[in-house]
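To start, the structure itself, in structure tokens.
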Amino acid sequence: MRLYNTLARKKQEFTPANGNDVNMYVCGITAYDLCHIGHARSSVVFDVLFRLLRHKGYNVTFIRNFTDIDDKIINRANEVGKSAADIAKQFINEFYVDMDRLKVLRADVEPKCTEHIGDMIALTQRLIDKGHAYSTTSGDVYFKVRSFEGYGKLSGRNIDELESGARVDPGDEKLDPLDFALWKSAKPGEPFWESPWGQGRPGWHLECSAMSEKYAPLPLDIHGGGQDLSFPHHENEIAQSEADTGKPFANYWVHNGFVQINSEKMSKSLGNFFTIRDILDKFLPETLRYFLLTMHYRSPLDFSFEALEEAEKGIKRIYSAMAQADVELSKSSWKKSPFPEELTAELDQIETHWVEAMDDDMNTAGALGHVFSAVRLTGRIAEDKNLRKSEGGQVFFTRIKTDMANWGAVLGIFEREPTEFLTELRDNRAARAGIDPARIQQLLDDRKEARKNKDFDKSDAIRDELAAMNVEVKDTPQGATWDVA
RNA sequence: GGCGACAUAGCCAAGUGGUAAGGCAGAGGUCUGCAAAACCUCCAUUCUCCGGUUCAAAUCCGGAUGUCGCCUCCA
């Protein structure tokens, strides 16, 4: 497969360094607040990459860390009068709650910063020994950016230009304004760990280097994270790890694009963000996950509830086709009538296109387009009395179900029992519209009675009443069902 | 100021050299007691604009305009 590599600024054929083994490290959350949609996107994107690589037969080791000590956590802890450790623990738990709902799989290794302080101290010491870092009288340790030749290669920065724009904080003891902290001395009242440089805590960039090195042989095959992490976070990780080991840190750098609100970056500082909970109060988790996959992972994604409603229609249509296939397959006898080869060939094509799309830099949006081709094909066959009752039809519907299951396993969607999901979706939409399902059922029962007596005037009047409530009725051979219009 | 990304129909969106996927909305039709769903048909001679390279460009190059991001914590 091909992947866009930020380091090369183009798509490249993905080849793991070690045969069939793939090591993938993704920067996880800083645990100080509930996750927002941006976290959801990043998590879902790399979850799909994880699933896709495994699906392709690679032996994947997926590492996703938790930053459980840093300024934001300490600040939050002080605000609410808890310990930093308690805050981190709390929001790691909340992270799991959200991710489980979004069907984001657990990583193989989920290391926490505070459990690797010793590794980080050791790495810092090695960098000092090698002349890449220095300690100050106040007990801070800085990485000497100019001692690392490749600095700026990931983000395309020029070190001299960075220098000219660098902010100089008169309080610190950096030899060069570009130098960044590996170890920060503890201020009074802050959590700290003992180190050769006194009481303090690790700098943010350090943990990813230390933990990557610990849990995977370098270079990593894939290192991922949000686009904003490429500078300075990932640049600094490269400097630390490559200065330490002399080996490349990661071969493929994968960055996901941002979630935007009205074409503007969603961020805490702008205050225009939605948490995952905000969304899931109104929409099903699968709707959100599907929505996130309808755009290519590197493109900016504009979030709105209107867009989510549109995504909801899409996933409803896909599940409806799956439900239809189930209905057809529930029949017991199949006719020997002919089944056109072109239809089988069409499905062959769709399967091929789907794989090609996913292999081309994980094009989930393109792949979903092909899923709709399968949906339409299913509808066309189910529509034709001869086809749907034929043995070829049975083979076809079975195959569609298998395809949907395979595609869904990689995308992390389409894994529910269709009618169950559709009912849940309907009730979810009803709840949003303030519709009471029990009241609807009562009206449907009345209407059924009227229809039984061929009292179509009354029947239609009831349907009009329902329509006024934004409910539409469907008469099926199994009886009337309803949905939110 | 430096670096970078993006610009495709009413809306969302895929497409990185071979003649514009898909979804939503819309129009017509089949089906239906009437509907709904589903299915069928239609819906961009054209990809922000101007030049250039090429037999061939939405795709490559140069320029313009616009939008956004990074350079400070951030997925």
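Chain letters run A, B, ... following the sequence lines, proteins first and then strands; every chain starts at 1.
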Starting from [atom2] on [N], measure out to [atom1] on [X] and report it in whole angstrom.
X	N	atom1	atom2	result
E235(A)	rC3(B)	CD	P	16 Å
L154(A)	rC70(B)	CG	C1'	12 Å
D359(A)	rG15(B)	CG	P	14 Å
E264(A)	rA5(B)	CD	P	21 Å
L368(A)	rA13(B)	CG	P	14 Å
L229(A)	rG69(B)	CG	C1'	13 Å
D360(A)	rA21(B)	CG	C1'	13 Å
H205(A)	rC74(B)	NE2	P	7 Å

Return yes if a side-chain donor-acceptor contact under 3.5 Å exists between H255(A) and T6(A), otherwise no.
yes
Is there a donor and acceptor pair, one atom on the side chain of [X] and one on the base of [N], closer than 3.5 Å?
X	N	result
K72(A)	rC74(B)	no
Q227(A)	rG69(B)	no
D475(A)	rC34(B)	yes

Taking any heavy-atom pair under 4.0 Å as a contact, classify [X]: base, sugar-phosphate, or nothing.
X	answer
R2(A)	nothing
F372(A)	sugar-phosphate
E306(A)	nothing
E472(A)	sugar-phosphate
N363(A)	sugar-phosphate
S155(A)	sugar-phosphate
S299(A)	sugar-phosphate
V371(A)	nothing
D302(A)	nothing
G38(A)	base
R376(A)	sugar-phosphate
R317(A)	sugar-phosphate
K313(A)	sugar-phosphate
H36(A)	base

Distance between the [atom1] atoms of [N] and [M], in whole angstroms?
N	M	atom1	answer
rA44(B)	rA14(B)	C1'	15 Å
rA5(B)	rU41(B)	C1'	40 Å
rA57(B)	rG18(B)	C1'	10 Å
rC73(B)	rC24(B)	P	44 Å
rU59(B)	rG23(B)	P	26 Å
rU16(B)	rA56(B)	C1'	15 Å
rG28(B)	rU19(B)	P	34 Å
rU53(B)	rG17(B)	C1'	12 Å

Among [options], which nucleotide sits nearest the side chain of [X]?
X	options	value
S459(A)	rA37(B), rA38(B), rG33(B)	rG33(B)
S267(A)	rC70(B), rC74(B), rA75(B)	rC74(B)
W204(A)	rC74(B), rC12(B), rA37(B)	rC74(B)
R380(A)	rA75(B), rC40(B), rA35(B)	rC40(B)
H296(A)	rA14(B), rC74(B), rC71(B)	rA14(B)
K11(A)	rU16(B), rG33(B), rC3(B)	rU16(B)
E383(A)	rA38(B), rC24(B), rG2(B)	rA38(B)

Is the F95(A) to F66(A) ring centre distance short of 6.0 Å?
yes
Are the ring centres of F274(A) and F305(A) closer than 6.0 Å?
yes
For a 4.5 angstrom cut-off between non-hydrogen side-chain atoms, does R106(A) reach Y96(A)?
yes
Please tell me if the side chains of D47(A) and R51(A) come closer than 4.5 Å, counting only heavy atoms from C-beta onward.
yes
Which nucleotide, in any strand shown, forms a Watson-Crick or G-U wobble pair with [N], with both distances under 3.5 Å?
N	answer
rC47(B)	none
rA9(B)	none
rC70(B)	rG2(B)
rG33(B)	none
rA27(B)	rU41(B)
rG18(B)	rC55(B)

Mapping Q324(A) and M266(A) onto RNA chain B by nearest heavy atom, which one lands closer to the 5' end?
Q324(A)
Please compare F231(A) and A307(A) by the position of their nearest nucleotide in RNA chain B and report the one closer to 5'.
A307(A)
Do R64(A) and F46(A) meet the cation-pi criteria used here (NZ or CZ under 6.0 Å from the six-membered ring centre, within 45° of the axis)?
no
Stacking between F456(A) and the base of rG33(B) (centre distance under 5.5 Å, interplanar angle under 30°)?
yes
Taking the six-membered ring for Trp, are H205(A) and H233(A) parallel (under 30°), tilted (30 to 60°) or perpendicular (over 60°)?
tilted
Parallel, tilted or perpendicular, as decided by the 30° and 60° cut-offs, for the rings of F414(A) and Y290(A)
tilted
Taking side chain to side chain contact (heavy atoms under 4.5 Å, CB included) as the criterion, tell me which of E286(A), E420(A), E312(A) meets it with L425(A).
E312(A)
If you round to the nearest 0.5 Å, how far is CD of E356(A) from NE2 of H353(A)?
6.5 Å
